[in-house]
Amino acid sequence: MNVFNSLGSNYNLQFVFKALSTKNDSNHSAKLKSYLENKYQGKAILVYKGREALELALRLLNLPPGSQVAVNGLTCYAVYQGIINAGHEPEYIDIDGSALNFSPGELKAKLKENPTIKVLLVQNTLGYPCDIEKVAKICKENEIILIEDLAHSVGTIYENNQEAGTVGDFVILSFSQDKMIDGVSGGALIIRNQKYQNIKSIKLAELPYKQQFIDRLYPLFTHIIRTTYRIKVGKVAHAVLKEVSLLSQPMSNQKLQLMYRLPGWYCRLIHAQFIDLQNNLSQRRHIVQVYVKNINPKILSKTLVGNVSRSTNLRFPIFVPNRSELVKFLKKYKVYVSDIWYDAPVAPQGYTSLTNYRHQCPVSERVSSQILNLPTHRNITAKEARKISERINEWLRLQ
Ligand SMILES: Cc1ncc(COP(=O)(O)O)c(C=O)c1O
């Protein structure tokens with residue numbers, strides 16, 4: 001068993017070949033655009049990253065510079081970047097202790113404390129739905145623009161049975177590595193509110209060939225790394241490819257100089273995954289059911305377990321105080337889960353100090369210090385999930 005949380009774990013060999021061989025045909029872009037417009041009922045713009053889609057949404061709103069954009073207090077640096085690049089300020093709303101999203105109560109309290117908030121982003125962390133009905137009502141009452149970020153939650157079903165992406169004024173999607181829809185990179189903005197649809201054409205730059213070349217190779221390189229990790233070759237290849245910058249990295253603290261048009265070959269990979277979404281969701285749910293059935297319930301969140309059937313289950317979270325010990329223990333059995341979403345309120349941890357986060361979210365700090373994600377992707381079997389559960393229980397007994 002060699003199991004990773006990330007490192008191309010969404011891909012199979014067919015994907016590797018498609019990434020290498022698909023032509024840059026504008027028909028692929030047109031097909032994806034029309035699919036998204038139909039699915040999310042809005043005007044779609046395809047870009048290179050989810051953070052660009054967020055920046056674009058905020059720019060279309062024409063808000064005064066430095067406007068307050070409220071976000072989940074457990075989030076990703078890319079979200080921070082999207083807001084800052086648009087010239088605005090993130091305002092963090094602490095999460096509910098039993099969930100990974102803020103509650104309507106926390107939202108109300110934040111709006112009272114800071115009535116200048118103009119925009120709210122919900123993100124359904126790891127695919128677990130937020131309480132959208134109440135959140136949307138609060139936004140309407142306070143004239144706040146609602147953006148649904150589906151980076152983790154393409155396919156999430158809210159409590160009121162609406163699919164994620166069919167509620168907000170805007171929807172942003174990320175198709176980056178390890179997301180529900182993984183096209184190595186990619187993003188989309190869906191303008192659902194008609195008031196903002198009447199835009200002149202947006203100027204997007206052409207993505208450099210070098211970046212496309214690196215992205216095309218990512219599925220192949222990660223396939224080689226994962227399959228040869230056992231015999232150490234993979235480990236060395238991973239280190240070398242990273243060192244020479246040939247391994248496409250999803251996170252960077254560099255500001256993208258421009259917003260880029262998403263080339264056709266990414267669009268074909270992305271569209272194919274939308275078509276296969278139900279299989280992806282079923283696979284992940286099946287694996288999570290194995291974890292829920294087998295892992296000691298004292299390290300699970302009852303609220304999240306109760307939402308498994310509505311979630312995309314992008315990853316399955318467990319909560320342990322001495323997380324690094326468990327990571328080391330699992331590594332002995334070739335289960336590599338050190339890549340944690342999220343290990344800080346604005347993750348990854350090393351990036352938090354670059355942001356305006358100043359301990360506003362104590363619950364998020366506690367949760368992010370204890371959370372550990374188990375893989376649910378297509379490259380893990382039910383048998384492996386059972387084995388991982390047993391190892392975790394074994395480790396717990398040793399504590
Ligand atoms: C919640 C969330 N939104 C948006 C993004 C942006 O993704 P991208 O890397 O495509 O810019 C991420 C990235 O990890 C994310 O976790």
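Numbers here simply count residues along the sequence, with the first being 1. Indexing begins at 1, ligand by ligand and atom by atom, following the structure's order.
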Please verify whether a non-hydrogen atom of [X] lies at under 4.0 Å from ligand 1.
X: Asp149; value: yes
X: Phe175; value: no
X: Lys179; value: yes

Side-chain ion pair, [X] and [Y], N-O less than 4.0 Å:
X: Arg378; Y: Asp276; answer: yes
X: Lys118; Y: Glu143; answer: no
X: Lys328; Y: Glu325; answer: yes
X: Glu55; Y: Arg59; answer: yes
X: Glu394; Y: Arg391; answer: yes
X: Asp339; Y: Arg315; answer: yes

Is there a nitrogen or oxygen of [X] sitting under 3.5 Å from a nitrogen or oxygen of ligand 1?
X: Thr75; answer: no
X: Gly50; answer: yes
X: Arg51; answer: yes

When you look for heavy atoms under 4.0 Å from ligand 1, do you find them on the side chain of Tyr80, its backbone, both, or neither?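 Neither part.
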Requested in this report: Of the side chain and backbone of Glu52, name the one, both, or neither that has a heavy atom under 4.0 Å from an atom of ligand 1.
Outcome: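 Near ligand 1, Glu52 shows nothing, with every heavy atom at 4.0 Å or more.
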Do any N or O atoms from the side chain of Gln283 and from the backbone of His377 form a donor-acceptor pair under 3.5 angstrom?
->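 Yes, Gln283 side chain to His377 backbone: donor-acceptor pair under 3.5 Å.
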So Phe4 and Tyr336, would you call those rings parallel, tilted or perpendicular, with 30° and 60° as cut-offs?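 Parallel: the ring planes of Phe4 and Tyr336 meet at under 30°.
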Could you list which atoms of ligand 1 come closer than 4.0 Å to a heavy atom of [X]?
X: Gln123; answer: 1 (C)
X: Ser174; answer: 7 (O), 8 (P), 10 (O)
X: Val79; answer: 2 (C), 3 (N), 4 (C)
X: Ser176; answer: 8 (P), 9 (O), 10 (O)
X: Cys76; answer: 12 (C), 13 (C), 14 (O), 15 (C), 16 (O)

(request) Compare every heavy atom of Ser6 with every heavy atom of Asp178, then report the nearest pair and how far apart it is. (result)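 Heavy atoms of Asp178 and Ser6 come nearest at OD2-CB, 3.2 Å.
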